[in-house]
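Since the model is a prediction, treat every value here as computed from it, not as a measurement. Numbers for residues simply follow the sequence, beginning at 1. Below, each value reflects all heavy atoms present in this structure, side chains not excepted, and no hydrogens, waters or symmetry copies.
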Amino acid sequence: MSKEKVLSKEHVTDAGIEIKRIYQQPLNMKEDAGEFPYTRGVQPDMYRGKLWTMRQYAGFSTAEESNERYHFLLKQGTTGLSVAFDLPTQIGYDSDHVLSEGEVGKAGVAIDSLADMEVLFDGIELEKITTSMTINSTASVLLCMYMALAKRQGANLKNISGTIQNDILKEYAARGTYIYPPKQSMRIITDIFAFCAEELPKWNTISVSGYHIREAGANAVQELAFTLADGKAYLLAAQQKNLDINVFAKRMSFFFNAHNNLFEEVAKFRAARRMWAKITTDLGATDPRAQMLRFHTQTGGSTLTAQQPHNNIIRVTIQALAAVMGGTQSLHTNGFDEALALPTEEAASIALRTQQIVAYESGVPQTVDPLGGSYFVEALTDEVESKAWEYIHRIDEMGGAVAAIEQGFIQKEIADSAYRYQKDIESSEKIIVGVNKFTTKDQHKVDLMTINDSIRKVQSEKLAMLKKNRNNDNVQSCLNALKVAAKGTDNLMPFILAAVEEYATLGEISDVMREVFGEYTGM
């Protein structure tokens with residue numbers, strides 16, 4: 001009987017790093033967790049003191065339906081909410097806009113105004129929950145809606161905590177939900193940094209996202225390098241606004257992907273902390289909290305398969321383990337049915353239970369950096385770091401992440417990586433169980449969640465009623481003031497907040513800035 005090939009291709013990681021048969025080099029492990037450069041973790045006791053935040057990313061249809069899902073997840077034991085917004089919300093169009101047709105409520109929840117935000121968090125005290133919002137080009141508007149709602153609830157804004165993604169650079173490179181040109185987008189982002197330092201000191205003002213870079217086809221090394229290069233660009237932009245790195249860097253967080261190559265993913269997370277500590281220190285950070293890389297992880301959406309969808313439960317479990325053993329601060333686990341549709345309540349519940357089993361039954365959280373000291377993991381951490389630095393140095397030579405994006409370098413590297421990965425799958429050099437090996441003719445049917453196509457009509461009717469009942473003179477006055485501020489140099493956040501509180505819509509606010517800043521049309 002012929003021997004079957006055990007591993008696909010050669011003995012390499014997904015990023016092409018060679019795996020030796022055995023690792024025997026001696027190690028000198030002097031570093032502790034919670035100490036610079038934080039390779040082993042950002043807290044001395046890590047999960048022995050406090051478990052990671054268990055988030056479930058949810059948002060669909062109307063604010064009413066999403067609110068029901070949030071209450072369901074909170075009852076199941078989730079400890080943080082993570083909001084998905086539909087595409088019109090992400091690119092600054094109200095639901096009644098002609099370009100919103102067919103997309104309202106599909107990829108996330110439709111939020112047109114403060115009235116929708118009030119419904120979305122009905123019965124949820126914002127002072128008692130942390131909320132992560134995956135929003136970028138309209139992050140300023142959504143954050144102002146969240147603040148306005150917190151104020152209406154009587155909350156102390158100094159105690160409100162959560163995260164806005166607010167990472168526009170990866171939109172230009174990998175995802176595409178941008179509105180304004182890079183220069184103007186960076187202005188809005190640094191305005192948010194400055195505003196929140198005073199008004200929302202516990203809020204994470206940016207989550208630099210490698211997740212979408214990876215989803216676009218990057219490998220682990222590229223995800224790490226391009227994400228940290230973007231993070232460095234935000235540091236430099238804030239410093240150009242005379243912001244103190246020891247203040248604003250504390251409120252920066254990161255968002256990484258977790259894929260199936262367990263050890264490479266752990267090495268990536270460990271290398272990320274070490275590299276960020278060096279980047280911030282080189283730029284003048286002296287406060288340990290400003291040097292620490294804190295990150296949220298989501299399991300890999302692009303790794304989920306429509307074929308044999310229950311296999312995805314195992315994939316998500318491996319990825320969750322990688323995130324926890326790599327030292328994540330919060331985690332979202334995908335539903336097994338997400339290659340087919342938005343997750344059902346059953347799939348979301350299984351995904352959350354996966355985290356809870358890792359937390360309470362696996363024993364993994366009982367010690368800090370459980371794979372630290374492994375000859376393999378330590379060597380792989382060094383390899384991943386070295387290759388990521390090579391990319392960062394090339395990007396620096398181009399003038400930084402913004403210049404590298406404008407020159408198309410990052411986009412091309414991601415596209416080439418995606419092509420190689422797909423080619424390996426099609427040639428069966430890369431085995432995907434149930435896709436190109438161990439396939440079956442049986443259809444694995446699962447119940448799927450569907451979104452009603454009438455949502456746009458419902459949202460449009462809400463908008464018409466809102467505009468009829470609000471004080472339109474006050475709205476117009478606020479929008480005029482925002483326009484003047486956008487043409488000048490004032491921080492835009494107070495003007496956006498004032499407009500939001502008068503129930504100006506997301507589209508109206510975005511259109512004012514479109515008129516002043518213009519729209520980015522890509523390469």
Side-chain angles (χ1 to χ4, degrees), residues 13-14 19 23 27 29 31-35 38-57 73 76-80 82 130 132 210-211 214 220 223-224 253-274 292-300 303-304 311-336 348-381 384:
T13 70
D14 288 342
I19 304 300
Y23 290 78
L27 295 164
M29 294 290 292
E31 184 192 328
D32 197 355
E35 293 182 359
Y38 315 107
T39 311
R40 308 201 69 182
V42 294
Q43 298 295 335
D45 287 335
M46 287 303 289
Y47 309 130
R48 289 164 66 96
K50 180 185 177 183
L51 289 172
W52 62 93
T53 301
M54 298 182 193
R55 297 191 184 278
Q56 285 306 109
Y57 186 48
L73 291 170
Q76 297 299 310
T78 194
T79 54
S82 191
T130 66
S132 174
Y211 184 85
R214 191 70 176 274
E223 177 193 356
L224 174 58
S253 64
F254 288 79
F255 175 24
F256 286 114
N257 212 312
H259 273 221
N260 292 325
N261 195 312
L262 179 73
F263 297 108
E264 182 173 51
E265 294 300 298
V266 172
K268 177 188 74 181
F269 297 135
R270 298 174 88 247
R273 282 191 292 271
R274 196 156 71 199
M292 292 179 183
L293 182 143
R294 297 164 297 111
F295 67 99
H296 168 72
T297 309
Q298 181 173 337
T299 55
T303 69
L304 303 180
N311 293 349
N312 294 328
I313 297 173
I314 311 305
R315 294 184 178 104
V316 168
T317 303
I318 292 170
Q319 294 162 12
L321 280 168
V324 172
M325 289 193 287
T328 193
Q329 276 62 68
S330 75
L331 176 62
H332 163 85
T333 33
N334 289 329
F336 69 85
S349 182
I350 290 171
L352 178 58
R353 294 289 181 256
T354 300
Q355 291 200 52
Q356 291 165 337
I357 290 168
V358 170
Y360 296 104
E361 297 185 30
S362 73
V364 170
Q366 292 177 338
T367 189
V368 174
D369 190 23
L371 294 180
S374 156
Y375 296 151
F376 176 35
V377 171
E378 295 296 342
L380 192 54
T381 300
V384 169

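In this structure, the side chain of E223 engages the main chain of N257 through a donor-acceptor pair within 3.5 Å. Of the possible polar contacts, one joining the R273 side chain to the T39 backbone as a donor-acceptor pair under 3.5 Å is found. Panel note: side chain E265, backbone H259; a donor-acceptor pair is recorded below 3.5 Å. In this structure a side-chain-to-backbone donor-acceptor pair under 3.5 Å is present from T333 to A351.
For the atom pair I313 CD1 and N311 CG, the distance stands at 9.0 Å (nearest 0.5 Å). Atom CD of residue Q298 and atom OG of residue S82 lie 7.0 Å apart, to the nearest 0.5 angstrom. Distance check, rounded to the nearest 0.5 Å: CZ of R55 to CG of L73 gives 12.5 Å. To the nearest 0.5 Å, atoms CZ (R353) and OG1 (T317) are separated by 14.0 Å. Rounded to the nearest 0.5 Å, atoms CG (L304) and CG (N312) are 4.5 Å apart.
For S362, the side-chain contact (heavy atoms from CB on, under 4.5 Å) test picks out V358, V364, P365, with sequence neighbours left out.
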>> Is there a side-chain contact (heavy atoms from CB on, under 4.5 Å) between L51 and Y360? Walk through the geometry before answering.
In response: CA-CA 10 Å; L51 289 172; Y360 296 104; 3.4 Å; yes

> side-chain contact (heavy atoms from CB on, under 4.5 Å) between F376 and L371: does it pass, once the steps are laid out?
Replying inline: CA-CA 9 Å; F376 176 35; L371 294 180; over 6 Å; no

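Residue pairs meeting the side chain to side chain donor-acceptor pair (under 3.5 Å) criterion with at least one member in residues 45-54, sequence neighbours excluded, are W52-Q355.
The two atoms that bring M54 and A359 nearest to each other are CE-CB, 3.5 Å, heavy atoms only. Across D14 and E264, no two heavy atoms sit closer than the pair N-OE1, 3.3 Å. The minimum heavy-atom distance between L352 and T78, with the atom names listed, is CD2-N, 3.7 Å. Between A272 and L224, the shortest heavy-atom distance links the atoms CB-CD1, 3.4 Å.
Between F336 and V316 there is no side-chain heavy-atom pair separated by less than 4.5 Å. Between R270 and E378 the shortest side-chain heavy-atom distance falls below 4.5 Å. You'll find the side chain of K268 reaches within 4.5 Å of the side chain of R214, heavy atoms only.
Of the N and O atoms on the side chains of N334 and T299, at least one donor lies less than 3.5 Å from an acceptor on the other residue.
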Side-chain donor/acceptor pairs under 3.5 Å, residues 318-331, sequence neighbours excluded:
{"residue": "Q319", "atom": "OE1", "partner": "G300", "partner atom": "N", "Å": "2.9"}
{"residue": "Q319", "atom": "NE2", "partner": "N260", "partner atom": "OD1", "Å": "2.6"}
{"residue": "Q319", "atom": "NE2", "partner": "T303", "partner atom": "OG1", "Å": "2.9"}
{"residue": "T328", "atom": "OG1", "partner": "F295", "partner atom": "O", "Å": "3.1"}
{"residue": "T328", "atom": "OG1", "partner": "T297", "partner atom": "OG1", "Å": "2.8"}
{"residue": "T328", "atom": "OG1", "partner": "S330", "partner atom": "O", "Å": "2.8"}
{"residue": "Q329", "atom": "OE1", "partner": "F295", "partner atom": "N", "Å": "3.0"}
{"residue": "Q329", "atom": "NE2", "partner": "G327", "partner atom": "O", "Å": "2.9"}
{"residue": "S330", "atom": "OG", "partner": "H296", "partner atom": "ND1", "Å": "2.5"}

